[in-house]
> 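I have a structure I would like to understand better, so I am pasting it below and will then ask my questions one at a time.
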Amino acid sequence: MLQSQPLLSHVFRFIETNYHNSISLREVAEAVSRSPAYLTDLVRRETGKTVLCWIVERRMVEARRLLLETDHSVEQIAEAVGYLDRRHFGRQFLRFHNTTPQTWRKSHRSKNIPRWERVPQKANSSEFINQEPTTTTVTFAEAQRLQTCIQEIAAIFNKNTLADEVLMLKSENGSVAKIDNGSIQITLVSTCELC
């Protein structure tokens, strides 16, 4: 869709670059040289969501990452993702996740949360995959959820990955997720009784 609509690509690039600031529909529209009304109609027609919804969703992706990976306070996270008012951030988070940021953090921080490792690019990836896992493992269901979050993972990790690194995750059943040179490859191995 983004390839056939360069304007949408520009909109999403602007959101990605500026979501951590207090940006508005008007600012996004100005950045792409369109009126707010035109942009609202185009984005809703093409994606089913409004520009403001996309801004909030991007902020929530980063908020979840910060809740999991840091010990920053909710106030610090709210500010880091573009909210000047912690209460407004809390209401938005509750609307998207049906829980508060603190409760979400507690329920998602466990030993089953995947941990990513940075591996030098020169390392043989197939050798790493065949080694015994040295990272925290995940269940097959969690690996499936990971697969459905590929875009979210790419947005988070591609901007934080150095050119000479590969990010890899291995689950307890042998499923592997790998981010290498901006692409994501997930191999799921099903060993559960439900399959």
> Identify whether the distance between the nearest side-chain nitrogen and carboxylate oxygen of R65 and E62 falls below 4.0 Å.
yes
> Under the side-chain contact (heavy atoms from CB on, under 4.5 Å) rule, what do I55 and V28 come out as? Steps first, then yes or no, please.
CA-CA 10 Å; I55 293 170; V28 177; 4.1 Å; yes
> Take R105 and L68 through the side-chain contact (heavy atoms from CB on, under 4.5 Å) test and state the conclusion after the steps.
CA-CA 6 Å; R105 175 183 262 169; L68 282 177; over 6 Å; no
> Side chain to side chain contact (heavy atoms under 4.5 Å, CB included) with T17: which residues, sequence neighbours excluded?
none
> Any idea which heavy atoms bring L25 and L52 closest together, and the distance?
N-CD2, 3.9 Å
> Return the set of residues passing side chain to side chain contact (heavy atoms under 4.5 Å, CB included) with E79 (not counting sequence neighbours), or none when no residue passes.
none
> Among all residues two or more places apart in sequence or in another chain, which pass the side chain to side chain contact (heavy atoms under 4.5 Å, CB included) test with D71?
R109
> How long is the straight-line distance from CG of L67 back to CD1 of I77, given to the nearest 0.5 Å?
4.0 Å
> Under the side chain to side chain contact (heavy atoms under 4.5 Å, CB included) rule, collect the residues that match up with L94, sequence neighbours excluded.
none
> Within 45 degrees of the axis of the six-membered ring of Y19 and under 6.0 Å from its centre: does R58 put its NZ or CZ there?
yes
> Judged by atom type as modelled, is there a donor-acceptor pair below 3.5 Å linking the side chain of R44 to the main-chain atoms of K49?
no
> Working note: F12 + T47, criterion side-chain contact (heavy atoms from CB on, under 4.5 Å); need CA distance, chi angles, decisive distance, verdict.
CA-CA 12 Å; F12 288 116; T47 69; 4.2 Å; yes
> Write out all pairs satisfying salt bridge (charged side-chain N to carboxylate O under 4.0 Å, His left out) with one or both partners inside residues 83-104, taking only residues at least two apart or from two chains.
E75-R86, D85-R87
> Any chance you could lay out the side chain to side chain donor-acceptor pair (under 3.5 Å) test for H20 and R59, step after step, and finish with the verdict?
CA-CA 7 Å; H20 57 280; R59 288 175 173 168; over 6 Å; no
> Please collect all side chain to side chain donor-acceptor pair (under 3.5 Å) contacts where either partner lies in residues 25-38, sequence neighbours excluded, each pair once.
S24-E27
> Could you go through the side-chain contact (heavy atoms from CB on, under 4.5 Å) check for H108 and R64 one step at a time?
CA-CA 9 Å; H108 286 81; R64 289 190 305 268; over 6 Å; no
> Does any N or O in the side chain of H10 come within less than 3.5 Å of the main-chain N or O of A31, such that one atom is a donor and the other an acceptor?
yes
> Check F96 against V56 and note the closest heavy-atom contact, atom names and distance.
CE1-CG1, 3.2 Å
> I'd like to know if the side chain of T70 reaches the main chain of L66, judged simply by a donor and an acceptor atom lying under 3.5 Å from each other, with no hydrogens or angles considered.
yes
> Measure the spacing between CG of N21 and CD1 of I15 and express it to the nearest 0.5 Å.
12.5 Å
> Any idea which heavy atoms bring V74 and P101 closest together, and the distance?
CG2-CB, 4.0 Å
> Please examine the side chains of S22 and Y83, heavy atoms only from C-beta on, and report whether any two atoms are closer than 4.5 Å.
no
> Which residues satisfy the side-chain hydrogen bond (donor to acceptor under 3.5 Å, both in side chains) test with H88, sequence neighbours excluded?
none
> How long is the straight-line distance from CZ of F89 back to CG of L84, given to the nearest 0.5 Å?
13.0 Å
> Using the side-chain hydrogen bond (donor to acceptor under 3.5 Å, both in side chains) criterion, which residues pair with D41? Sequence neighbours excluded.
R45
